[in-house]
Number of protein chains: 2
Amino acid sequence: MKDSSTEETILNAAITIFQKKGMAGARMQEIADEANINKAMLHYYFRNKQQLFEAVFMQAFQKLAPQLNLIFASGIGVNEKIRQFTASYIDFILDNPYLPNFIVQELNNNPEFVLKFMSHKGKPDPTPFLRQIEQEINAGNIKKIPPKQLLLNLLSLTIFPFVGEIMIKVLMGISDLEFKRMMEERKTLIAEQFINSISM
Amino acid sequence: MKDSSTEETILNAAITIFQKKGMAGARMQEIADEANINKAMLHYYFRNKQQLFEAVFMQAFQKLAPQLNLIFASGIGVNEKIRQFTASYIDFILDNPYLPNFIVQELNNNPEFVLKFMSHKGKPDPTPFLRQIEQEINAGNIKKIPPKQLLLNLLSLTIFPFVGEIMIKVLMGISDLEFKRMMEERKTLIAEQFINSISM
DNA sequence: ATATTTACTAACCATTTAGTTAAACCATAT
DNA sequence: ATATGGTTTAACTAAATGGTTAGTAAATAT
């Protein structure tokens with residue numbers, strides 16, 4: 001409680017509450033309670049709710065961006081890249097289970113803010129990856145699929161299970177533990193199947 | 001204003017606002033304004049915000065459920081089923097673009113309510129489909145993949161693009177129109193690729 | 001005709017909530 | 001010890017918001 005700075009304590013509490021309730025659903029008092037501090041401290045360190053939220057969102061986004069660049073950056077072969085990306089992304093989300101949901105949710109509720117925010121901060125650029133796919137297609141190494149569709153498939157297979165976690169658990173009638181087991185299984189399963197589906 | 005019943009007018013307004021803002025972000029006054037009625041009418045027809053929300057959520061869910069049963073119900077071959085499901089699901093969402101987001105979001109913010117709700121109303125049951133997959137695997141018609149993973153892949157490829165629409169558009173730098181074109185393209189593309197990836 | 005129910009409105013109430021203020025606390029420098 | 005300045009608290013305010021109420025007009029039943 002005193003080992004970390006108050007500002008950090010607040011930020012962590014805000015992350016917890018914002019991720020669970022979203023910007024609109026989160027209460028400043030609840031964040032203060034979570035941080036075991038007085039509500040006025042929130043305003044002392046982060047002028048208002050919006051700024052506190054932006055700090056949380058920025059941190060979340062900046063944590064996620066490098067993860068995406070892992071697949072966008074070039075230099076390594078497509079197959080190996082897919083293997084690395086899926087495994088490391090799933091690992092990353094298992095450690096930060098709130099991130100995809102939080103970002104998708106606020107992206108939908110607050111597109112204007114997020115877009116402005118995105119143009120300030122650098123957003124990951126998929127063009128190198130798309131170009132790489134195109135080259136592999138032309139070289140006859142992988143099947144002829146629109147590169148953007150291929151990327152979308154890859155993102156879908158990796159990200160959706162976490163965004164829809166609750167829906168999936170309810171629908172399939174599986175426990176928390178079973179879900180985690182499936183995600184572990186996916187770390188290798190997705191890549192192999194995906195590679196297999198695009199190989200000639 | 002009088003062509004449709006007031007209750008229906010309210011419900012439609014509530015759908016519009018709740019889908020855009022979510023339960024927490026929606027204001028009763030805003031819903032009343034959208035419906036061009038007095039705020040008290042909302043309470044007259046639907047006792048309180050929670051009940052109005054539940055009516056909206058139930059309607060949304062009951063619209064989506066039959067769509068899922070399209071793939072869960074048995075009787076037709078796996079490949080044809082996949083083709084039918086992906087195409088009709090994408091068509092369905094293009095007509096109801098708010099649905100997946102709304103459901104996923106509220107599922108995350110309100111799990112207790114949704115779970116209670118789900119057990120009351122019948123949720124789609126995937127077991128027939130899972131069993132069908134198992135049989136096809138045993139018969140040597142499709143590759144050996146855990147059936148639940150296969151189902152999860154299928155749902156991911158169809159649903160995620162809509163849940164993450166804004167993120168995808170921003171990330172890939174594509175317009176509304178281009179996004180819609182890609183979704184049209186996906187109606188056949190997903191199925192063929194998916195079938196190809198599981199065929200022996 | 002009269003009573004009763006239904007649909008509706010304007011004004012109001014109670015509570016919640018973001019944000020403010022003024023005073024206290026506490027470490028460090030003088 | 002005392003002043004200084006950053007940090008923290010309790011108490012407060014103003015606005016927003018969900019919900020209520022008293023009353024009205026029109027439709028429906030008696």
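In what follows, chains are A, B, ... by sequence order, proteins preceding strands, each numbered from 1.
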Note to self: Quick check on DNA chain D: between B:A40 and A:N38, whose nearest nucleotide comes earlier from the 5' end?
What the structure shows: A:N38
Next item on the list: Mind calculating the distance between CD (B:E7) and P (C:dT6) to the nearest angstrom?
Entry: 14 Å
Next item on the list: Could you walk me through whether B:E184 and B:K187 pass the salt bridge (Lys or Arg N to Asp or Glu O under 4.0 Å) test, one step at a time?
Entry: CA-CA 5 Å; B:E184 288 293 334; B:K187 284 202 284 192; 3.0 Å; yes
Margin query: Under 4.0 Å, counting only non-hydrogen atoms across every strand here, what does B:A26 touch: a base, just sugar-phosphate, or nothing?
Written below: sugar-phosphate
Item checked: Rounded distance (Å) that lies between atom P of C:dT20 and atom NE2 of A:H43 -> 7 Å
Note to self: Please pick, from C:dT20, C:dC8, D:dT9, the nucleotide with the shortest atom-to-atom distance to any side-chain atom of B:M41.
What the structure shows: C:dC8
Margin query: Would you say B:Y44 places a side-chain N or O within less than 4.0 Å of OP1 or OP2 belonging to C:dA7?
Written below: yes
Margin query: D:dT7, OP1 or OP2 - any side-chain N/O from A:T6 closer than 4.0 Å?
Written below: no
Margin query: Taking the six-membered ring for Trp, are A:F53 and A:F18 closer than 6.0 Å centroid to centroid?
Written below: yes
Notebook entry, point to check: Is the closest side-chain heavy-atom distance between A:I103 and A:L99 below 4.5 Å?
Noted result: yes
Next item on the list: Take atom CG of B:N36 and atom P of C:dT9, then tell me their distance rounded to the nearest Å.
Entry: 10 Å
Checklist line | Spacing of B:Q29 atom CD relative to C:dA10 atom P, expressed in whole Å | finding: 11 Å
Check: Does the side chain of A:E165 come within less than 4.5 Å of A:K169's, by heavy atoms?
Finding: yes
Notebook entry, point to check: For A:M28 and C:dT15, what is the distance between atoms CE and P respectively, to the nearest whole Å?
Noted result: 24 Å
Next item on the list: Grab the CG-P distance between A:N48 and D:dA14 for me, whole Å please.
Entry: 19 Å
Check: Does C:dC8 have OP1 or OP2 sitting under 4.0 Å from an N or O in the side chain of B:Y45?
Finding: yes
Item checked: Within-4.5 Å side-chain heavy-atom neighbours: A:L152 and B:M172 -> yes
Notebook entry, point to check: Between atom NZ in B:K39 and atom C1' in D:dA16, what is the gap in whole Å?
Noted result: 10 Å
Notebook entry, point to check: Can you tell me how far P of D:dA15 sits from CZ of B:R27, to the nearest Å?
Noted result: 17 Å
